[in-house]
Amino acid sequence: MRLQLPNPGLEDRILSHEELDKLETEEAGSGDRPKWDNKTQYMLTCVGFCVGLGNVWRFPYLCQSHGGGAFMIPFLILLVLEGVPLLHLEFAIGQRLRKGSLGVWSTIHPYLAGVGIASMFVSLMISLYYNTIMAWVMWYLFNSFQETLPWSQCPLNYNLTGLVSECEQSSPVDYFWYRETLNSTPDIGENGGLQWWMVLCLVSAWAVLYICIIRGIETTGKAVYVTSTLPYVVLSIFLIRGLTLKGSLSGVVFLFTPNLTELTNPTTWLDAGAQVFYSFSIAFGGLISFSSYNSVHNNCEQDAVIISAVNGFTSVYAATVIYTIIGFRATERFDNCLGGNILVLLNTFDLPEGNVTESNYDQVLQSLNGTHPEVIQGLNLKTCDLNTFLSEGVEGTGLAFIVFTEAITKMPASPVWSVLFFIMLFCLGLSSMFGNIEGVLVPLQDLGVFPKSWPKESTTGITCVLCCIVGLIFVQGSGNYWLSLFDSYGGSIPLLIIAFCEMVGVVYLYGIDRFNDDIEFMIGHKPNLFWQITWRFVSPAIMLVIFVFYFITKVTETLLYKTWNPESENFPTLEEKPYPAWIYVIIFILAGIPSLAVPGTALFRLCCDLI
Amino acid sequence: MPSLTVPPGAPPILQSLTVPPGAPPILQSLAVTLERMLVRILVLLYLAGAPALAQTLCQPNASNGYRVRISIKTALGNQAYEWNENEMFLFRATMAFAMRRYYKTETYNVDNIIVCNQTRRVSFWFVVISPENPTMLIPKADVEKAVSMSRHRINNAFLLTDRTLEFLGIYPTLAEPVNPDTPPWLIVFGVVIGAVFAGIIALLVSSLLQKRRKEKGMMEDGQDEEDRQMKGVENGINLDGIYNRGFTDDDRFTKL
């Protein structure tokens with residue numbers, strides 16, 4: 001006996017199969033609802049939405065820090081058990097009910113409208129800060145059109161006697177990122193004012209986004225031909241370039257060397273699950289919207305499997321490319337470290353050049369230590385270990401804007417590689433932004449926030465302008481701290497709740513029987529046992545486990561954030577500070593309001609019905 | 001009669017060796033030979049003493065000397081030349097050139113640059129002595145200024161750079177950064193934003209034109225349009241839960 005919660009009136013709210021078929025033939029001429037020009041546009045848009053910056057700067061770090069090749073095992077298992085079912089579910093329900101996220105959930109049950117509203121809030125918050133990252137990428141892109149990249153050397157100080165001290169103590173790339181790009185304040189409380197150059201870049205990022213979404217999927221569908229395919233081209237170019245650099249293979253070997261003991265660590269599985277979940281951009285509402293523009297008999301099962309496979313492949317491919325470059329950088333640092341030590345030895349003991357090389361460094365050091373121990377002590381030689389340099393694993397903005405940019409300055413013809421890299425990042429982020437904005441625009445339309453008579457161009461324009469203005473928070477001096485706050489709390493917990501509610505809503509409120517029939521109607525055969533088991537038990541269970549652990553981790557951890565403080569003692573290491581008390585209010589707003597929208601809307605509807 | 005002219009710079013002892021004019025010839029020739037011997041001895045002493053004198057002037061950690069460190073293999077790799085006496089001669093000549101250039105005089109010579117304490121590392125100390133007074137060393141500050149002024153020429157003579165031909169204590173002057181009038185990024189930004197805004201305006205204008213064309217077309221077959229409008233009348237919000245297609249009607253004006 002299948003568990004099915006009572007859902008009266010469902011039949012009245014949805015189109016029957018016959019009505020859908022009629023719609024299919026009618027819509028071919030009337031163009032009531034936006035439609036994809038061809039299947040390729042739809043696939044490229046979905047791939048672009050799923051494949052984003054996380055594949056490039058989060059997955060390689062996770063892979064390397066959780067046992068290299070062994071991380072593939074939990075990643076692939078959870079991809080199959082969690083990612084693919086959720087994706088298929090969203091595609092199928094969108095294609096069946098032919099509405100955006102808000103419409104779909106309120107159709108399934110009026111009390112579930114909160115899920116749609118929560119999706120909209122989350123998409124809105126993520127759009128706000130995600131486009132700031134695009135602005136940073138554009139800033140670096142604009143600055144790449146110079147012969148000497150500005151982050152390759154420290155600028156001179158005011159009276160031209162030496163280098164700027166902040167730069168000298170840290171490094172040119174750190175200085176360019178924290179000072180010349182962000183102009184970072186040492187504390188989240190000090191807002192430092194708006195940085196005019198970043199305001200210009202933010203405006204240009206929103207302008208480029210606007211021109212791509214100005215007419216909805218009519219323009220987006222054309223833009224994705226470039227934004228979804230260019231990253232693969234650039235990754236391949238970087239792979240070829242990377243493999244010809246010295247030390248690249250040691251990076252790849254380091255990445256994929258399996259350490260099977262990591263599989264016993266529960267954090268590995270949690271991180272794999274979270275990565276699969278966030279990487280698929282589920283629960284944003286964008287995927288439901290996109291698939292609702294498809295024809296009714298589109299094979300959504302095949303699409304889900306293909307897109308999951310492409311997403312997984314891209315993660316691994318990007319990780320390989322990134323680690324060839326990181327291997328090159330680590331080898332370069334190691335050579336410099338060793339070269340520096342050798343030079344110190346040669347100079348102190350007046351040995352002829354070539355006496356001490358990399359191969360006999362250890363022996364020479366030992367013999368010198370035996371004869372002149374106090375001198376060797378006084379020299380303070382650095383220990384140079386390649387593995388330490390390789391495992392200086394960085395993720396997120398640190399990887400793209402500090403580590404990778406430094407590696408690029410060491411490659412010949414750096415401006416070319418810099419331009420290519422930042423164009424790739426820009427395309428990856430822009431295609432994800434299409435989905436984010438879709439998840440904001442369609443619910444706004446459905447809620448009737450904009451009058452129906454307004455053309456689409458003005459609604460998208462107003463949304464972009466408002467988001468740009470609110471996004472000015474992130475281009476202040478303390479903008480970076482606000483961004484990581486939004487990223488940690490706005491984009492994590494609410495999504496897990498929404499996804500769980502989605503699964504429960506479709507399987508138990510809409511009814512798995514009805515859903516199976518719908519899919520049989522749409523693609524010709526009933527979903528097989530794998531889908532049944534995952535939709536009804538496995539995937540919700542995984543979501544619940546991830547949510548509980550995530551929630552516990554977030555709630556119990558002491559809230560610290562890392563700041564760039566030139567006056568701190570351990571400069572250039574980032575100083576960890578506790579958040580001020582008023583931040584807790586902000587965190588509650590970010591994470592609480594979308595999450596509470598789910599039960600809140602249900603209660604509100606209940607009250608309205610009772611009254 | 002041998003000329004008993006005593007050179008003006010001769011030590012006083014020689015000057016007192018003048019023989020009175022009325023002296024017998026034997027005495028005169030004796031005086032001459034004695035004088036010659038003395039001169040030779042003095043010259044020999046001078047020549048012997050000069051290096052010794054120079055050596056005492058040039059010492060490691062001398063107050064007016066600089067230490068030079070040369071790393072040829074680092075700079076040139078396979079094309080490294082060997083450091084030998086000829087290269088050292090070139091160094092001394094280049095330093096003399098630097099001193100000449102600084103003081104704008106032609107009195108400096110290779111002999112004025114004294115080198116000592118060579119090591120296998122290829123490092124050594126050097127001092128500069130004044131051409132007028134061989135016992136006087138040129139002060140450190142002046143040597144530094146001279147080296148800084150001709151640093152580029154000195155480096156190029158040896159195919160080395162500031163890092164591989166080091167004068168310990170003299171820091172290379174930092175290159176002046178090239179500051180263009182407009183930052184390059186602003187130019188690229190201008191191009192991009194100009195193109196984007198042009199595209200936006202073009203798209204908006206084209207959709208306005210399409211709208212006007214549609215309106216014209218609509219007025220012509222107004223009857224058909226009215227029928228179609230009647231079908232999807234309800235403009236309720238979706239939250240009511242009843243499926244209605246009213247919200248999509250207005251999208252007809254812009255092709256989505």
| said: Would you say the rings of B:Phe158 and B:Tyr81 are close, in the sense that their centroids are separated by under 6.0 Å? | reply: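 No.
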| query | Would B:Phe97 and B:Tyr108 count as a close aromatic pair, with their ring centres under 6.0 Å? | reply |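 So the answer is no for these two rings.
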| said: Counting only non-hydrogen atoms closer than 4.5 Å, does B:Val196 touch chain A with its backbone (N, CA, C, O), its side chain (CB onward), both, or neither? | reply: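 Contact with chain A involves both backbone and side-chain atoms of B:Val196.
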| Quick one: what part of B:Thr119 sits under 4.5 Å from any heavy atom of chain A, side chain, backbone, both or neither? |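 The answer is the side chain of B:Thr119.
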Region of [X] that comes under 4.5 Å of a non-hydrogen atom in chain B:
X: A:Leu343; result: side chain
X: A:Tyr210; result: side chain
X: A:Glu353; result: both
X: A:Ile214; result: side chain
X: A:Trp197; result: both

| field | Check: A:Arg13 side chain, A:Pro110 main-chain N or O, donor-acceptor pair, under 3.5 Å | value |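 Judged by distance alone, no pair lies under 3.5 Å.
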| Ring geometry between A:Trp151 and A:Phe422 (parallel below 30°, tilted from 30 to 60°, perpendicular above 60°) |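 Perpendicular.
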| message | Parallel, tilted or perpendicular: which one describes the rings of A:Tyr293 and A:Trp36, with boundaries at 30° and 60°? | response |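 If you compare the ring of A:Tyr293 with that of A:Trp36, the planes turn out perpendicular.
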